[in-house]
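Just below is one structure, and these are the notes that go with it.
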Amino acid sequence: MERLLKSDDVIQQAIDQAIQGEIVSLKKAVAFIRTKRPDLKDELDELGNDNPLCEKVVQIAARTGKGVLFDLHD
């Protein structure tokens with residue numbers, strides 16, 4: 001997980017895939033990361049929704065001027 005949090009390029013790709021207008025869907029970004037990094041599935045499942053990965057997605061999205069939709073819960 002530590003390597004993933006340092007991998008801004010993977011997270012940026014996830015943000016790019018999850019953009020709808022000026023809004024980034026956090027749910028879609030995390031889902032994209034899960035598909036790119038299946039080796040972290042168990043670790044991500046244990047973290048739940050309130051975790052450092054979500055925080056990092058928000059931070060990187062904010063740097064690009066995008067808003068983040070916290071749509072993790074149905």
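- By the 4.5 Å heavy-atom criterion applied to side chains, V57 and V68 are not counted as neighbours.
- A donor-acceptor pair under 3.5 Å links the side-chain atoms of D71 to the main chain of K27, judged by distance alone.
- Counting all heavy atoms, side chain and backbone alike, F32 lies closest to V10 at CE2-O, 4.4 Å.
- The pair K56-D8 meets the salt-bridge criterion, since a charged nitrogen lies less than 4.0 angstrom from a carboxylate oxygen.
- Of the inter-residue distances, the one linking I11 atom CD1 with K36 atom NZ reads 14.0 Å to the nearest 0.5 angstrom.
- Checked by atom type, the side-chain pair D16/Q12 shows a donor-acceptor distance below 3.5 Å.
- Here the shortest heavy-atom pairing between A18 and A29 reads CB-N, 3.5 Å.
- Considering all non-hydrogen atoms of both residues, Q20 and K28 come closest at NE2-NZ, 2.5 Å.
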**Study point:** Audit row: L40, L53, side chain to side chain contact (heavy atoms under 4.5 Å, CB included) steps and yes/no
**Key:** CA-CA 12 Å; L40 295 175; L53 178 59; over 6 Å; no
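- When all heavy atoms of P38 and T35 are compared, the closest pair comes out as CD-O, 3.5 Å.
- No continuous path of ILVMFWY side-chain contacts below 4.5 Å connects F70 to I23, so the two sit in separate hydrophobic clusters.
- Going from atom CG of L69 over to atom CD1 of I19 covers 13.0 Å, rounded to the nearest 0.5 Å.
- Going from atom OG1 of T64 over to atom CD1 of I15 covers 6.0 Å, rounded to the nearest 0.5 Å.
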